[in-house]
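In what follows, a single structure is set out as structure tokens and then discussed.
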Number of protein chains: 2
Amino acid sequence: MSQPPRNGRAPSVKDVAAAAGVSLGTVSNVLNRPSVVSATTRERVERAMSELGFVRNESARQLRAGTSRALAYVMLDGGNPFFHDVAEGIETAAEAADLSLFVCNSNSRAEREAKHLDRLVQQRVQGILITPVDPDAPHLAEIARRGIPFVMVDRLSSAGDHCSVAVDDVLGGRIAVEHLLDRGHRRVAFVGGPASIGQVRERLQGAREVWTEFGMAEDDLINLPTDALTVSEGRSAGERLAGLPSRRRPTAAFCANDLLALGLLQHAVTAGLRVPDDLAIVGFDDIDFAAAAAVPLTSVRQPRQELGRTAARLVLDEATNPDHVHEQATFVPALVARASTGTVRR
Amino acid sequence: MSQPPRNGRAPSVKDVAAAAGVSLGTVSNVLNRPSVVSATTRERVERAMSELGFVRNESARQLRAGTSRALAYVMLDGGNPFFHDVAEGIETAAEAADLSLFVCNSNSRAEREAKHLDRLVQQRVQGILITPVDPDAPHLAEIARRGIPFVMVDRLSSAGDHCSVAVDDVLGGRIAVEHLLDRGHRRVAFVGGPASIGQVRERLQGAREVWTEFGMAEDDLINLPTDALTVSEGRSAGERLAGLPSRRRPTAAFCANDLLALGLLQHAVTAGLRVPDDLAIVGFDDIDFAAAAAVPLTSVRQPRQELGRTAARLVLDEATNPDHVHEQATFVPALVARASTGTVRR
DNA sequence: TCCAGGGGTTGAAATGTTTCATCAGCCTTG
DNA sequence: CAAGGCTGATGAAACATTTCAACCCCTGGA
């Protein structure tokens with residue numbers, strides 16, 4: 001505790017050993033196998049440590065060990081709270097395994113993602129979790145090929161050369177639209193895009209499946225594509241929706257995520273529409289802000305934390321278990337009905 | 001690119017040197033001072049690298065260098081987008097300096113914060129940025145004492161033994177309440193707490209200053225304390241507010257942050273109040289969700305990204321400039337008027 | 001008295017990179 | 001032709017930690 005004479009260099013095990021009058025190996029034993037060293041020397045060493053303000057040098061430890069005591073999660077969009085909740089789940093599991101978690105953010109840009117991955121490989125992290133910009137990008141395969149434990153989050157992998165964790169997005173689309181049909185809506189908009197995002201495609205697919213199963217006319221499910229899954233895109237989708245001729249105008253919208261839904265909600269309220277009476281809205285993800293909206297949003301819940309915890313469990317298994325087999329963990333989404341779809345239409 | 005015979009161990013400079021038929025030092029030169037090595041050998045070495053799939057081992061590099069190529073930011077509340085925007089600002093600056101950024105989240109828990117700090121010291125990060133749970137906690141002073149570049153974010157330091165970056169919260173409180181007075185409100189609630197949080201105290205102080213300067217009765221500025229700065233606390237403050245006798249009920253509320261304001265807004269809308277006619281609302285921080293609310297929130301903007309960028313600049317200066325002097329950077333908050341305080345009261 | 005065994009400690013080796021003084025060759029210049 | 005300078009490459013040392021075989025000393029048993 002009392003400060004060491006700050007000679008510029010942080011004290012090392014060698015300094016501690018000298019101060020305690022023991023060998024270097026003994027200090028290391030105190031650190032890593034305290035039981036094998038006698039109580040008196042252990043105490044002496046510990047005193048020396050705290051007197052010098054000794055802190056293990058993690059780089060040296062890592063160098064020796066060959067791998068760092070950390071996992072990493074590269075998330076797709078830091079502005080979307082969904083990914084934070086996933087990260088929180090991962091961190092819980094990492095914490096339990098006494099590992100740190102590097103959180104990176106690619107912001108949907110492939111080159112940032114690649115840069116982060118490069119760094120993480122250099123750091124020799126124990127495992128990488130990622131929600132990728134493009135699940136088929138070659139630099140992802142490269143990671144797995146290197147033998148680094150690797151899990152894809154929020155995206156199922158067809159390739160099967162790594163684990164993945166996701167919810168069933170098709171099912172999510174189905175239950176959203178089923179709910180709207182239940183509520184009596186007969187003309188519904190799907191708001192989401194770009195189609196290059198797999199989740200968007202699958203949620204739309206689920207929506208269409210149910211739509212036709214219920215015998216609805218195909219063009220009463222109106223596709224309102226967006227350029228991104230953001231609040232402002234949701235707003236602009238609202239404008240396009242308002243611009244439709246009234247006999248074509250849907251009475252409800254299913255948005256590919258909650259940010260879109262919040263943007264759409266805002267536009268609707270600003271335009272003087274009543275939600276849900278004039279326009280019902282369903283989101284996806286069930287982020288906290290969905291429940292916190294002025295008109296609380298009905299949303300398709302993903303088990304965000306559990307997604308993260310499971311992903312971490314899988315990556316740790318791959319890292320430690322020689323008999324590891326890759327696994328595609330699928331979760332079942334659930335509809336959380338709130339005021340934004342409150343009433344049954346007459 | 002073609003995979004190396006995966007013999008379990010990642011290839012090292014030594015392997016590259018052997019493969020290229022040069023010495024170890026030359027490989028290092030190719031990596032760090034490419035100009036000093038001849039074009040032909042450089043090319044040979046580079047080919048060997050890509051053939052073996054060589055990746056620098058960052059731990060070894062760090063060990064040698066004595067410090068890692070990373071900064072760290074320990075944020076207070078991962079659920080509050082405000083801190084993300086700050087982190088983004090930091091990352092921009094870190095990127096420019098070719099450093100990685102560790103993002104940690106203390107979730108307002110002192111022991112998690114301490115744990116993160118321990119780890120970061122062990123990692124020998126170049127500098128630590130933090131929005132602390134308690135700015136006077138001894139473990140913070142300990143960091144600075146160790147000589148690790150250290151900047152406090154969103155909190156000014158009185159001690160002056162380290163840099164800090166924040167906005168003028170008193171001024172922020174002033175402009176919020178000035179705006180409400182301008183709009184004709186004569187009974188205003190302050191929603192925020194706990195008082196242990198310095199920002200809350202100062203924003204309230206600013207509010208009170210203006211209130212008395214305008215000659216208003218002290219008890220027409222009604223304090224509605226909360227247990228945290230969250231959406232759900234905002235909602236419950238709304239309930240308490242609605243429970244006030246009508247002649248005591250304020251016509252406007254100034255919330256200590258946007259999450260509270262969103263919660264309050266939600267309660268108001270649910271309770272059938274019109275915002276801003278029945279209740280005007282001002283938030284603080286101006287997070288993206290404030291502008292995205294069904295009734296867009298008036299808020300006191302903090303320059304979030306710039307806060308981060310400046311903090312990073314300061315920590316880098318402390319890390320590299322021997323003549324560094326600690327600096328308390330203060331930013332001026334600005335009112336962003338939106339619909340939630342839209343009209344002038346008659 | 002000698003030996004076996006075990007608890008406790010030691011010293012050296014190994015991890016992968018960077019740096020730096022040194023050196024080999026070669027070219028230029030006087 | 002000698003001296004000196006330049007370019008490019010080399011090899012060893014250093015960084016802080018962990019591991020492990022070896023060793024010392026003591027005790028208990030034969």
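Residue numbering restarts at 1 for every chain, and letters A, B, ... go by the order of the sequence lines.
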Rounded to the nearest 0.5 Å, the CG atom of A:D118 sits from the CD atom of A:Q123 at a distance of 11.5 Å

Smallest heavy-atom separation, A:Q62 atom then B:S59 atom, equals OE1-OG, 3.2 Å

Stretch residues 55-71 of chain A: residues that reach within less than 4.0 Å of DNA chain C through a heavy atom:
A:L63, A:R64

Whole angstrom value for the distance that separates C1' of C:dG16 from CG of B:D15
10 Å

Here the residues of residues 19-31 of chain A within 4.0 Å heavy-atom distance, strictly under, of DNA chain C are A:V22, A:S23, A:G25, A:T26, A:N29

Taking atom types as modelled and ignoring hydrogens, do the side chains of A:E91 and B:N105 form a donor-acceptor contact shorter than 3.5 angstrom?
no

Could you check how far CG of A:N32 sits from P of C:dT9, rounded to whole Å?
15 Å

Taking B:R112 first and then A:E95, would you say they form a salt bridge - that is, a charged N and a carboxylate O separated by under 4.0 Å?
no

Do side-chain atoms of A:T92 reach the backbone of A:E88 as a donor and acceptor pair under 3.5 angstrom?
yes

Covered region of DNA chain D, 5' end to 3' end, by chain B [heavy atoms, under 4.0 Å]:
D:dG8 to D:dA16

By the definition side-chain contact (heavy atoms from CB on, under 4.5 Å), identify the one residue from A:V27, A:N29, A:V45, A:L31 that meets it with A:V37.
A:N29

A:L63 side, atom CG; B:R61 side, atom CZ - distance, nearest 0.5 Å:
14.0 Å

Strictly by modelled atom types, are A:H162 and A:E318 linked by a side-chain donor-acceptor pair under 3.5 Å?
no

Between B:R124 and B:A39, which residue's closest nucleotide on DNA chain D lies nearer the 5′ terminus?
B:A39

Under-4.0 Å side-chain N/O to phosphate OP1/OP2 contact, A:R42 with C:dG8:
no

Carboxylate-amine/guanidinium contact B:E142 B:R146, below 4.0 Å:
yes

Keeping the roles fixed (side chain from B:R44, backbone from B:A20), state whether a donor-acceptor pair exists under 3.5 Å.
yes

